[in-house]
Novice: 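The structure's right below; bear with me while I get my questions together.
Chain letters run A, B, ... following the sequence lines, proteins first and then strands; every chain starts at 1. What you see is a predicted model, and the numbers here were worked out from it, not measured in a lab.
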Amino acid sequence: MGTGDFRRGVADIVPVIAAAFPIGLLWGSLAAGKGLSVAEVSLMSATVFAGAAQFVAIELWSDPVQILLLASAVFVVNLRHVLMGASLGQHLQAIPRRLHPILLAVMADENWAFAERRARNGTLTLAYYLGLTLPMIMTWTAASSIGAALGKSFGDPSAYGFDFAFSALFIGILAGFWRGLPTGAVLGASALAAVVAKSLVPGAWYIVIGGGAGMAAAAILHREKAA
Amino acid sequence: MPPGVDAPTLLAIAAMSAATLATRLGGYLLLGRVNLRGRAKAALDALPPAILMAVIAPTIFLTGAAETVAAAVTAMAAMLRLPLLAVILIGVASVVVLRSVLT
């Protein structure tokens with residue numbers, strides 16, 4: 001059962017890593033363009049392991065490096081992880097508690113989304129989570145290192161629609177969360193707030209604002225079931 | 001110092017890792033042991049779809065008509081309960097086609 005669940009995790013994440021590979025190449029080549037070595041690129045991808053935050057950091061990268069600026073930019077871009085970790089923490093009962101911090105330390109958008117989907121339809125196991133996560137870290141680190149080693153631009157992933165793969169993935173996962181009209185209200189509130197916030201507030205606050213609006217809609221619509 | 005890594009860059013990477021770790025562990029440490037009920041539980045249960053929607057909303061509603069229509073096509077494929085890989089491929093293919101048609 002353990003290895004079967006690991007394989008199921010790998011099978012679910014394969015399309016994600018296929019789409020992430022060219023994006024990792026692109027990020028690695030941008031990082032090399034800013035003067036980072038292959039070793040530095042591998043180290044950052046393996047330890048920070050956050051695509052959006054790394055793109056923002058490379059955009060802000062300067063010589064000499066502004067450490068505080070980089071750390072706070074990464075913190076704001078990754079703020080959504082605070083909410084995601086709070087939610088994922090509710091679904092780790094089948095996994096020994098001492099492993100929880102390690103599993104959360106390697107939580108990214110895609111393995112989190114699949115883990116939440118699994119928790120909704122069954123039990124989230126350690127094997128399934130590792131099956132999702134290990135291929136992601138290895139692919140992201142390898143792709144960005146190769147990109148840095150080759151050091152030239154690979155063109156724009158949007159030319160092949162790769163940039164849309166993540167939106168399509170999230171739409172596919174969202175369908176599994178559909179529970180009728182209340183879900184529609186949550187999604188509507190979240191989308192509206194995120195779009196308005198994106199237009200008005202700089203940075204990545206729109207994710208937290210949209211997520212908060214969706215959660216508020218759910219709280220408002222909540223009715224206690226009569227006992 | 002390992003070869004090819006200089007000290008300021010190493011410090012910057014360490015600071016970025018620490019910032020990421022703080023966000024990944026923060027929510028768990030705040031709420032991981034709390035047993036929620038009622039409205040608070042309803043809000044937390046709505047968190048995964050709300051965050052997923054917020055992440056993609058600017059891409060699908062603010063980028064252009066191609067992305068918006070492709071998102072609708074993808075959503076239809078998803079509601080038909082097609083396998084996730086098929087949903088992604090339909091989404092990517094439709095955005096490539098629509099971008100060439102609509103721009």
Novice: Counting distance only, does the side-chain N/O of R24(B) pair as donor-acceptor with the main-chain N or O of H81(A) below 3.5 Å?
Specialist: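 Side chain of R24(B) to backbone of H81(A), a donor-acceptor pair under 3.5 Å: no, none is there.
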
Novice: Please report the shortest heavy-atom distance between L62(B) and S199(A), naming the atom on each side.
Specialist: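 Smallest interatomic distance, heavy atoms only, reads CD1-OG, 4.1 Å.
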
Novice: Determine yes or no for a side-chain-to-main-chain donor-acceptor pair under 3.5 angstrom, with R39(B) supplying the side chain and A219(A) the backbone.
Specialist: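 Present.
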
Novice: Quick check on the structure: residues of residues 50-57 of chain A within a heavy-atom distance below 4.5 Å of chain B, by number.
Specialist: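 Result: A50(A), A57(A).
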
Novice: Check whether any side-chain heavy atom of L88(A) sits under 4.5 Å from a side-chain heavy atom of Y28(B), and report yes or no.
Specialist: no

Novice: Output every pair passing salt bridge (Lys or Arg N to Asp or Glu O under 4.0 Å) with a member in residues 42-56 of chain B, not counting sequence neighbours, ordered by first then second residue.
Specialist: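 Salt bridge (Lys or Arg N to Asp or Glu O under 4.0 Å) check on residues 42-56 of chain B returns K41(B)-D45(B).
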
Novice: Check the pair D12(A) / L84(B) against side-chain contact (heavy atoms from CB on, under 4.5 Å), numbers first and verdict last.
Specialist: CA-CA 8 Å; D12(A) 280 344; L84(B) 206 50; 5.8 Å; no

Novice: Just so I understand: if I count every heavy-atom pair under 4.5 Å between each of A43(B), G91(B), A22(B), A78(B) and chain A, which residue has the most?
Specialist: A43(B)

Novice: Should we count CH2 of W178(A) as having more than 12 external heavy atoms under 6.0 Å?
Specialist: yes

Novice: Given heavy-atom pairs under 4.5 angstrom as the criterion, report whether the side chain, backbone, both or neither of L11(B) touches chain A.
Specialist: both

Novice: Considering only heavy atoms, which portion of L47(B) lies under 4.5 Å from any heavy atom of chain A: side chain, backbone, both, or neither?
Specialist: both

Novice: Return the minimal non-hydrogen interatomic distance between L44(B) and Q90(A), and the atom names on each side.
Specialist: CD2-CG, 3.6 Å

Novice: Looking at side-chain heavy atoms only, is the closest gap between S17(B) and F49(A) below 4.5 Å?
Specialist: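 Sidechains of F49(A) and S17(B): no contact.
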
Novice: If I compare all heavy atoms of A105(A) with all of L21(B), which pair ends up nearest, and what's the gap?
Specialist: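 Taking every non-hydrogen atom into account, CB-CD1, 3.4 Å.
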
Novice: For chain A, which of G38(B), P8(B), P83(B) has the most heavy-atom pairs under 4.5 Å?
Specialist: G38(B)

Novice: Please flag which part of R37(B) lies under 4.5 Å from any non-hydrogen atom of chain A: side chain, backbone, both or neither.
Specialist: neither

Novice: Give, for atom CD1 of I51(B) and atom CG of L83(A), the distance between the pair rounded to the nearest 0.5 Å.
Specialist: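 I51(B) atom CD1 to L83(A) atom CG measures 4.5 Å (nearest 0.5 Å).
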
Novice: What are the two closest non-hydrogen atoms of T59(B) and S167(A), and how far apart are they?
Specialist: CG2-OG, 3.5 Å

Novice: So do F164(A) and I60(B) actually touch side chain to side chain, heavy atoms under 4.5 Å?
Specialist: yes

Novice: Verify the neighbour count for atom CG of L200(A): are there more than 12 heavy atoms of other residues, nucleotides or ligands below 6.0 Å?
Specialist: yes

Novice: Taking every heavy-atom pair that is under 4.5 Å apart, which of A86(B), G27(B), S94(B) has the most such pairs with chain A?
Specialist: G27(B)

Novice: As an exercise, state the distance from CG of L192(A) to CE of M53(B), rounded to the nearest 0.5 Å.
Specialist: 10.5 Å

Novice: Does any part of the side chain of H100(A), heavy atoms only, come nearer than 4.5 Å to the side chain of L25(B), both counted from C-beta?
Specialist: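 In short, these two side chains do not touch, never coming nearer than 4.5 Å.
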
Novice: By the salt bridge (Lys or Arg N to Asp or Glu O under 4.0 Å) test, which pairs, at least two apart or in different chains, include something from residues 60-75 of chain B?
Specialist: E67(B)-R99(B)

Novice: Is the closest side-chain heavy-atom distance between L52(B) and F177(A) below 4.5 Å?
Specialist: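 Answer yes - side chains close enough.
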
Novice: Output the option from A40(B), P49(B), A57(B), A46(B) having the highest count of non-hydrogen pairs under 4.5 Å with chain A.
Specialist: P49(B)

Novice: Would you say L43(A) and L10(B) make side-chain contact, with heavy atoms under 4.5 Å?
Specialist: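 Yes - at least one pair of side-chain heavy atoms lies under 4.5 Å apart.
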
Novice: Chain B contacts: which residues in residues 58-69 of chain A have a non-hydrogen atom closer than 4.5 Å to it?
Specialist: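 Only W61(A), V65(A), I67(A) of residues 58-69 of chain A have a heavy atom under 4.5 Å from chain B.
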
Novice: Taking the side chain as C-beta and beyond, is there a heavy-atom pair between T47(A) and M16(B) under 4.5 Å?
Specialist: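 They are not in contact (no side-chain heavy atoms under 4.5 Å apart), so the answer is no.
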
Novice: Tell me, for V55(B) versus chain A, whether the close heavy atoms (under 4.5 Å) come from the side chain, the backbone, both or neither.
Specialist: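 Both parts, backbone and side chain.
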
Novice: Main chain of A54(B), side chain of S190(A): is a donor-acceptor contact present, judged purely on distance under 3.5 Å?
Specialist: yes

Novice: Answer with side chain, backbone, both or neither: which region of A70(B) has an atom nearer than 4.5 Å to a non-hydrogen atom of chain A?
Specialist: both

Novice: Can you name the closest pair of heavy atoms from R81(B) and A175(A) and give their distance?
Specialist: NH2-O, 3.6 Å

Novice: With distance as the sole test, does E40(A) use its side chain to make a donor-acceptor pair with the main-chain N or O of T9(B) at under 3.5 Å?
Specialist: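 No: the side chain of E40(A) does not pair with the backbone of T9(B).
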
Novice: Report the option among P48(B), A42(B), A14(B), A93(B) that has the most heavy-atom pairs separated by less than 4.5 Å from atoms of chain A.
Specialist: P48(B)

Novice: Does some side-chain heavy atom of I56(B) sit less than 4.5 Å from a side-chain heavy atom of L174(A)?
Specialist: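 A side-chain contact under 4.5 Å exists here.
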
Novice: Taking every heavy-atom pair that is under 4.5 Å apart, which of L79(A), I171(A), V74(A) has the most such pairs with chain B?
Specialist: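 Among L79(A), I171(A), V74(A), the one with the most close pairs to chain B is I171(A).
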
